Amino acid sequence: MRTWNGAVPAAHAQFEAKRQALLREAASCFTRKGYHGTSLTEIAETLGVSKAALYTYVKSKDELLYFCHQAALDVAFDAITRAQSLQGSGLQKLCTGLENYLRAMLSDQTSYVLILEEHALLPEHARVIVERRDQFEAALRGLVVDGMADGSMVPCNPKLAIFATLGIVNWVMKWYTAGGPWTGDQIATEMVRYVERMLSGQPAPLLGILPMPGEPQPAVSA
C-alpha cells in the first residue's frame with residue numbers, strides 16, 4: 001500500500017539509501033586510513049548517527065569491508081557488461097568499460113575500490129571477492145583477445161596487459177580527491193587515454209593534455 005501518496009520513500013527504499021550511504025563512507029575511510037586505522041565509531045560520527053545504528057545494516061566491521069568490496073565489484077561488472085554489449089572493436093569496448101567504471105568509482109554515488117585492503121578480509125569473504133575479481137579480470141582479458149583479433153590492439157600478453165591497465169586505473173582511487181583541480185569525469189577520460197595509447201594497434205600521435213584549472217592548454221608540436 002502506498003503511503004503519503006508516494007511522497008515518502010517506502011521503508012525498504014529508505015533502508016537501502018542509508019545502507020548505500022554507509023558503504024560509501026566506510027569505503028572512503030578504509031581507502032584513506034586503511035581497514036585497521038578506521039573504526040565503526042568514526043564512521044558513525046561522520047554519518048551523524050550512533051555506532052549502534054550501524055548494526056542495523058551490518059553485523060561487524062569485517063562484514064562492512066566485505067560489502068564495500070562487493071559494491072565495488074558490482075560497479076565493475078556493470079561497466080564491463082554494458083561495454084561488451086556495444087558495437088565496436090575490442091579496444092573501443094575495453095576503453096568504454098574502463099572509463100564507465102572509473103567514472104562511477106570516482107563519483108560520490110558509489111563505493112571506492114579498496115585496492116590495499118583485500119588482506120584484511122576474513123578468509124571466507126576473501127575467497128568470494130577473489131573469485132569475482134578474477135572473473136572481472138577474465139572479462140577484460142577477453143576484450144584484449146578480441147582487440148588483437150580485430151587489429152585494434154597491438155599483440156601482447158592479455159594477462160599482463162590487464163594487470164598493467166588495472167594498476168593504472170585502480171591506483172587513481174588512492175590519490176584522487178573530490179573537489180580537487182580535476183573532476184572525476186576528466187580524470188576518467190584522461191587516464192583511459194593512456195591505456196588506449198598503450199594498447200592501440202594504431203596509437204594516436206598525441207595524448208590529450210589535461211591542464212590545471214586556469215592554465216592554458218599546453219602547446220604540443222607534431
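This one's a predicted model, so the numbers in the text were calculated from it and none came from an experiment. One-based numbering along the sequence shown.
- By the 6.0 Å contact criterion, CD on Glu124 is enclosed, its count of non-hydrogen atoms from other residues, nucleotides or ligands being greater than 12.
- Counting only residues at least two apart or in different chains, salt bridge (charged side-chain N to carboxylate O under 4.0 Å, His left out) contacts with residues 83-97 are absent.
- Here the side chain of Gln20 pairs no donor or acceptor atom with the backbone of Ala17 at under 3.5 angstrom.
- Considering every non-hydrogen atom in both Thr38 and Cys29, the closest pair reads OG1-O, 3.3 Å.
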Let me check something: any side-chain donor-acceptor pairs from residues 79-88 under 3.5 Å, sequence neighbours excluded? List them with distances.
from, atom 1, to, atom 2, distance (Å)
Thr81, OG1, Phe77, O, 2.7
Arg82, NE, Asp78, OD2, 3.1
Arg82, NH2, Asp78, OD2, 3.4
Ser85, OG, Arg82, O, 2.7

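- Listed by chain and number, the hydrophobic cluster partners of Phe163 are Leu160, where partners are ILVMFWY side chains within reach of under 4.5 Å, directly or through others.
- Salt bridge status for Glu196 with Arg193: absent, with no side-chain N to carboxylate O gap under 4.0 Å.
- For Glu99, the salt bridge (charged side-chain N to carboxylate O under 4.0 Å, His left out) partners two or more places apart in sequence, or in a different chain, are Arg103.
- Hydrophobic clustering places Trp171 together with Met191 (ILVMFWY residues linked when any side-chain heavy atoms are closer than 4.5 Å, directly or through intermediates).
- Counting only residues at least two apart or on different chains, the side-chain hydrogen bond (donor to acceptor under 3.5 Å, both in side chains) pairs with a member in residues 148-165 are Asp150-Ser152.
- Under the side-chain contact (heavy atoms from CB on, under 4.5 Å) criterion, Val49 pairs with Ala44, Leu47, Ala53, Leu54, sequence neighbours left out.
- Arg132 pairs by the salt bridge (charged side-chain N to carboxylate O under 4.0 Å, His left out) definition with Asp74, not counting sequence neighbours.
- Put simply, the side chain of Ser28 never gets that close to the backbone of Arg24: no donor and acceptor are under 3.5 Å apart.
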(message) I'd like to know whether Leu166 forms a side-chain contact (heavy atoms from CB on, under 4.5 Å) with Phe136, so could you lay out the CA-CA distance, the side-chain angles of the two residues, the decisive distance to 0.1 Å, and finally the verdict.
(response) CA-CA 11 Å; Leu166 290 178; Phe136 175 61; 4.2 Å; yes

(request) Please report the C-alpha distance between Val144 and Cys156 in whole Å, then the side-chain angles of each, then the deciding distance to 0.1 Å, and finally whether the side-chain contact (heavy atoms from CB on, under 4.5 Å) criterion is met. (result) CA-CA 9 Å; Val144 174; Cys156 61; 3.8 Å; yes

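- Of all heavy-atom pairs between Pro158 and Val145, the closest is CG-CG2, 3.9 Å.
- Not counting sequence neighbours, Glu25 has no partner by the salt bridge (charged side-chain N to carboxylate O under 4.0 Å, His left out) test.
- Legend: residues meeting side-chain hydrogen bond (donor to acceptor under 3.5 Å, both in side chains) with Arg127, ordered by chain and number and at least two apart, are absent.
- A donor-acceptor contact under 3.5 angstrom links the side chains of Gln70 and Tyr66, judged on distance only.
- Scored by the salt bridge (charged side-chain N to carboxylate O under 4.0 Å, His left out) test, Glu63 finds no partners at all (sequence neighbours excluded).
- Pairs engaging residues 39-58 under the side-chain hydrogen bond (donor to acceptor under 3.5 Å, both in side chains) rule: Lys33-Glu42 [sequence neighbours left out].
- Remark: side-chain polar atoms of Tyr176 are paired, donor with acceptor, to backbone N or O of Gly184 under 3.5 angstrom.
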